[in-house]
Amino acid sequence: MPSADPSAETPRTSAYEPVSPQEPEPVRPTREDEVARSGSELVGGPVGRRVLFAASWWTPVRIIALVALGMFALGMVQKMPCYNGAWFLGASSQYTHACYSDIPHLYQGRGFADGLVPYFDRLPGDMEYLEYPVLTGVFMEMASWVTPGSGSIQHQEKIYWMVNAGILMACTAVVAVCVARTHRRRPWDGLLVALAPAFALTATINWDLLAVALTAAAMLMWSRSRPVAFGVLLGLATAAKLYPVLILGPLLILCWRAGRWRAFGTALLGTVSAWLVVNLPVMLLASDGWSKFYTFSQERGVDFGSFWLILSQRMDSPLSTDTVNTLATALMLVACLGVGALGLTAPRRPRFAQLAFLVVAAFILTNKVYSPQYVLWLIPLAALARPRWRDFLIWQACEVAYFLGIWLYLAYTTSGDAHKGLPTEGYQLAIVVHLLGTLYLCAVVVRDVLMPERDVVRSSGDDDPSGGVLDGSRDVFVLGTARYAGRAALHTAQAPTVKWASAADAPR
């Protein structure tokens, strides 16, 4: 469908107004975002009214997918110094080139080169069993099947990384497409994911993209009011990495507020069922190997990237691992209670992506370790929660600074007396920059929740495009001032008035 003239565009004027059966007119970021408008000058200027995306092969989703693949390829190029030898020339070289990856090292280190079966076969080194969740272990094992067993071990490790990179590239395309399609009227928000520099830099460090892709697909299914598919995909994501299960907390709060208990129950049942299908066979047949991920997470000491590390390095008597576990769990619970209170007391029910971002960010901020690839968990959620280029790029700049900081710090600690790299104080500053960048993005998301007229997604007249059954639903349970008169979105020439429902409007 040809782009309509902006003056003729008629947005939704109510959260409960039915959507046209035709494909809605996409929101163009070059019209509402100053950074996007300025950046578009590099490719010919803002999108005009005569663009015929829908009438050609070059649809927004396809463009975004190709851009994401291109950025992923650039990330692979950034790893080339390591691929060409730095992985095998001692620890310091791969850090000075900032191209480290777990993937080639764990090919031999976790027994894949020797044909050992994850979780069932004991490893010869300090790590008795594979310390990854089951679905990630399956991913790693399948990639080893494709890796030829001939040639030197270095050659095999390079091929193993390349095989995994190819599969992770497919995961990248899935993430980009799912984010672009989650908000029907805002496909271009997927460019935030596709062009995120931290995404390209960290995509092939580890296997996190598998869980990220499954989580993004789950969010898409929920936005399409398919709670069963959402639950199954979220259960699979949790079987690959633990963090996706946290999203069920915000969903519980929002379904409670909207009275959508059946949808939540269906999603929960799907999540548990899919997780059990993957985990139960290994749990029953190789319980010691299956539990290694959970015991390792519990026993692991304070590690890179966390504010706990700063405290540990600055204290004369560092806290014990058990004490840090207790305090980190308590802080996370407090943060979850805060997110829950925000969801129940906000003047308008928050969007699903907003609370999902906040709870995952809380886990990252309070955890005792922050590996650089953990930023992948937040990027798709950030693009959905706060699709503003300025805020997103500020956060990304902080994450890129941390990405460089951790490798330079490791270069410093592994270069002996040469001390090439970033000393401890410099690395602590990099951690603070990462923490402040994440807190900044959390702050603007919280502001959008408390002041829904500032939410760029809702300023177009939408309610919750990622909310599925929650989109346009009336509140049935709220706390605080949200029990009273609904709040209207700010009316401007670009933002139509939206009258939000309140509990008083709900049917009894």
Sidechain-backbone polar pair: K368 side chain, S297 backbone, donor-acceptor under 3.5 Å: yes

query: Where the side chain of S306 meets the backbone of L309, is there a donor-acceptor pair that is under 3.5 Å apart?
result: yes

NE2 of H183 to CG of L220, rounded to nearest 0.5 Å, is 10.5 Å

Checklist entry - Any sub-3.5 Å donor-acceptor pair from D455's side-chain atoms to V457's backbone N or O? => result yes

Q. Is there side-chain contact between Y440 and W395, with at least one heavy-atom pair below 4.5 Å?
A. no

message: Counting C-beta onward and ignoring hydrogens, is there a side-chain heavy-atom pair between M76 and Y83 closer than 4.5 Å?
response: no

| field | Under 3.5 Å donor-acceptor, Q78 side chain and A98 backbone | value | yes

Heavy atoms of A401 and V433 approach each other most closely as CB-CG1, 4.2 Å

In terms of heavy-atom contacts, L365 and C442 come closest through CD1-SG, 4.5 Å

Sequence neighbours excluded and cut-off under 3.5 Å, please list the side-chain donor-acceptor pairs for residues 271-285, or say none.
| residue | atom | partner | partner atom | Å |
| --- | --- | --- | --- | --- |
| T271 | OG1 | G231 | O | 3.2 |
| T271 | OG1 | A267 | O | 2.9 |
| S273 | OG | L269 | O | 2.8 |
| N279 | OD1 | W290 | NE1 | 2.9 |
| N279 | ND2 | W275 | O | 2.9 |

Rounding to 0.5 Å, atoms OH (Y427) and CD1 (I310) come to a distance of 8.5 Å

TODO: Measure the shortest side-chain to side-chain distance between R184 and R224 over non-hydrogen atoms and say whether it is less than 4.5 angstrom.
DONE: yes

Taking every heavy atom of L331 against every heavy atom of F307, the minimum-distance pair comes out as CD1-CZ, 3.9 Å

Practice item. Verify, without hydrogens or angle tests, whether Y100 (side chain) and W407 (backbone) share a donor-acceptor contact under 3.5 angstrom. Key: no

In short, P350 meets V449 closest at the heavy-atom pair CG-CG1, 3.6 Å

Q.
Taking the side chain as everything from C-beta on, heavy atoms only, tell me whether T182 gets closer than 4.5 Å to P465.
A. no

With a cut-off of 3.5 Å and sequence neighbours excluded, list every side-chain donor-acceptor pair involving residues 191-208.
| residue | atom | partner | partner atom | Å |
| --- | --- | --- | --- | --- |
| T202 | OG1 | A198 | O | 2.7 |
| N206 | ND2 | D102 | OD2 | 2.7 |
| N206 | ND2 | Y132 | OH | 2.9 |
| W207 | NE1 | N164 | OD1 | 2.7 |
| D208 | OD2 | W377 | NE1 | 2.9 |

Here the gap from T172 atom OG1 to M71 atom CE, rounded to the nearest 0.5 Å, amounts to 11.0 Å

**Check: L410 and F304 side chains under 4.5 Å, non-hydrogen atoms** = yes

dist L214:CG -> T238:OG1 (nearest 0.5 Å) comes out at 9.5 Å

Open item on the list: Closer than 3.5 angstrom, by distance alone: can the side chain of S415 be matched with the main-chain N or O of K420 as a donor-acceptor pair?
Closed with: yes

CD1 (I103) and CG (L168) are apart, to the nearest 0.5 Å, by 5.5 Å

Look only at the side chain of R351 and the backbone of A385, and say whether a donor-acceptor pair between them is shorter than 3.5 Å.
yes

On a heavy-atom basis, the closest approach of G405 and L422 is O-CD2, 3.8 Å

Notebook entry, point to check: So, does W308 use its side chain to make a donor-acceptor pair with the main chain of T366 at under 3.5 Å?
Noted result: yes

If you look only at distance, which donor and acceptor atoms sit under 3.5 Å apart when one is on a side chain in residues 244-251 and the other is two or more places apart or in another chain?
none

Problem - N/O donor-acceptor pair under 3.5 Å between E141 side chain and V117 backbone - result: no

Contacts of S466 meeting side-chain hydrogen bond (donor to acceptor under 3.5 Å, both in side chains) (sequence neighbours excluded), chain-then-number -> D464

Is the side chain of Y107 donor-acceptor paired with the backbone N or O of M140 at a distance under 3.5 Å, no angle test? no

Pair R388 + D391: basic N to acidic O under 4.0 Å
no

The salt bridge (Lys or Arg N to Asp or Glu O under 4.0 Å) partners of E131 (sequence neighbours excluded) come to R110

Exercise. Would F357 and R386 count as a side-chain contact (heavy atoms from CB on, under 4.5 Å) if you check the C-alpha gap in whole Å, the side-chain angles of each, and the deciding distance to 0.1 Å?
Worked result: CA-CA 9 Å; F357 169 82; R386 178 63 182 170; over 6 Å; no

Within a radius of less than 6.0 Å around CE of M80, do more than 12 heavy atoms belonging to other residues, nucleotides or ligands occur?
yes

Does the side chain of L358 come within less than 4.5 Å of Q354's, by heavy atoms? no

- Would you say K292 and D288 make side-chain contact, with heavy atoms under 4.5 Å? no

Output for pair (L376 CG, L381 CG), nearest 0.5 Å, gives 11.5 Å

With a 4.5 Å limit on heavy-atom distance, are the side chains of V212 and Y243 in contact? yes

Shortest non-hydrogen pair, V179 vs G190, comes out as CG1-CA, 4.0 Å

Give the ring-plane orientation class for Y370 versus H434, where under 30° counts as parallel, over 60° as perpendicular and anything between as tilted. parallel

Geometric class of the W87/H105 ring pair [parallel <30°, tilted 30-60°, perpendicular >60°]
perpendicular

Exercise. Are L384 and F352 close enough, and set up right, to give a side-chain contact (heavy atoms from CB on, under 4.5 Å), and what steps lead you there?
Worked result: CA-CA 9 Å; L384 296 173; F352 181 29; over 6 Å; no

Apply side-chain contact (heavy atoms from CB on, under 4.5 Å) to the pair M332 and V359, showing each step before the final yes or no.
CA-CA 9 Å; M332 180 60 186; V359 76; 4.1 Å; yes

Sorted by chain and number, sequence neighbours left out, salt bridge (Lys or Arg N to Asp or Glu O under 4.0 Å) with D303 holds for R300

(request) Dump the intermediate steps for side-chain contact (heavy atoms from CB on, under 4.5 Å) on V375 and Y402, then the final yes or no. (result) CA-CA 10 Å; V375 69; Y402 176 74; over 6 Å; no

